[in-house]
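Step one of this worksheet: look at the structure below.
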Amino acid sequence: MPRWRFVEHNNYDTAAVASIEDVADCTARTDAQVRGVLRGVMAQRRSAGVAFDYVAALSAGIKANCWVLAESAGHEGWGRMQALLGSYRWDWADLRAQLPALAVAWIPDADGDLIGPGIAIDETAQLKHGDATACVAPQHAGITGQVENCVSAP
């Protein structure tokens with residue numbers, strides 16, 4: 001007797017149906033929006049491309065150093081990632097000011113919905129000693145509520 005069971009009833013009222021094309025289209029639109037924001041903040045188009053590669057390379061399984069991020073992004077060396085973090089010119093306040101518009105575009109809020117889109121952002125951080133990890137700097141740490149040497153974690 002087999003251990004699996006066949007589905008005898010489909011309940012389409014509670015199931016979400018999406019195709020690979022729907023997901024790919026949504027991903028492409030989101031990527032285009034992020035690239036557009038980065039192009040508006042970065043001094044050069046090429047710099048915006050490296051910044052997008054950096055953001056796209058970040059994930060839970062990636063150790064945040066320039067070598068690994070560059071490899072994950074498909075770069076031949078770590079130089080562009082290091083330059084992005086060390087010498088590229090961009091205004092973080094301008095970037096941060098554009099993030100709410102992205103959230104509104106991605107998380108629609110239906111008319112008459114009293115709760116809203118249902119998202120809360122807590123800017124927590126990982127406290128660090130030294131400056132050997134990428135992105136470590138004195139910055140606001142949501143976990144302590146003050147400026148600390150840390151890496152901000154979204």
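- Criterion: ILVMFWY side-chain heavy atoms under 4.5 Å apart, direct or through other members. Under it, V136 and W78 are not part of a common hydrophobic cluster.
- Cluster annotation: V55 and W67 are assigned to distinct hydrophobic clusters (Ile/Leu/Val/Met/Phe/Trp/Tyr, side-chain heavy-atom contacts under 4.5 Å, transitive).
- Separating the OH atom in Y54 from the OG atom in S72 is a distance of 11.5 Å, to the nearest 0.5 Å.
- The two residues P138 and N149 make their nearest non-hydrogen contact at N-OD1, 3.7 Å.
- Atom CG of N65 and atom CD of Q82 lie 10.0 Å apart (nearest 0.5 Å).
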Could you walk me through whether L38 and W90 pass the side chain to side chain contact (heavy atoms under 4.5 Å, CB included) check?
CA-CA 9 Å; L38 291 172; W90 58 282; over 6 Å; no
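- Across every non-hydrogen atom of G77 and A70, the tightest pair is O-CB, 3.3 Å.
- Across all their heavy atoms, M81 and A73 have their closest contact at CE-CB, 3.7 Å.
- A 6.0 Å sphere centred on CD of E71 holds no more than 12 heavy atoms belonging to other residues, nucleotides or ligands.
- M42 pairs with exactly one of L84, L95, V50 by the side chain to side chain contact (heavy atoms under 4.5 Å, CB included) rule, that one being L84.
- Taken together through direct or relayed side-chain contacts under 4.5 Å among Ile, Leu, Val, Met, Phe, Trp and Tyr, W92 and V147 form parts of separate hydrophobic clusters.
- Heavy atoms only, all atoms of each residue included: L127 and C150 are closest at CA-CB, 3.9 Å.
- Nearest heavy atom pair, residue D53 against residue H75, reads OD2-NE2, 2.7 Å.
- Taking a 6.0 Å sphere around CD of Q146, one finds it holds more than 12 heavy atoms contributed by other residues, nucleotides or ligands.
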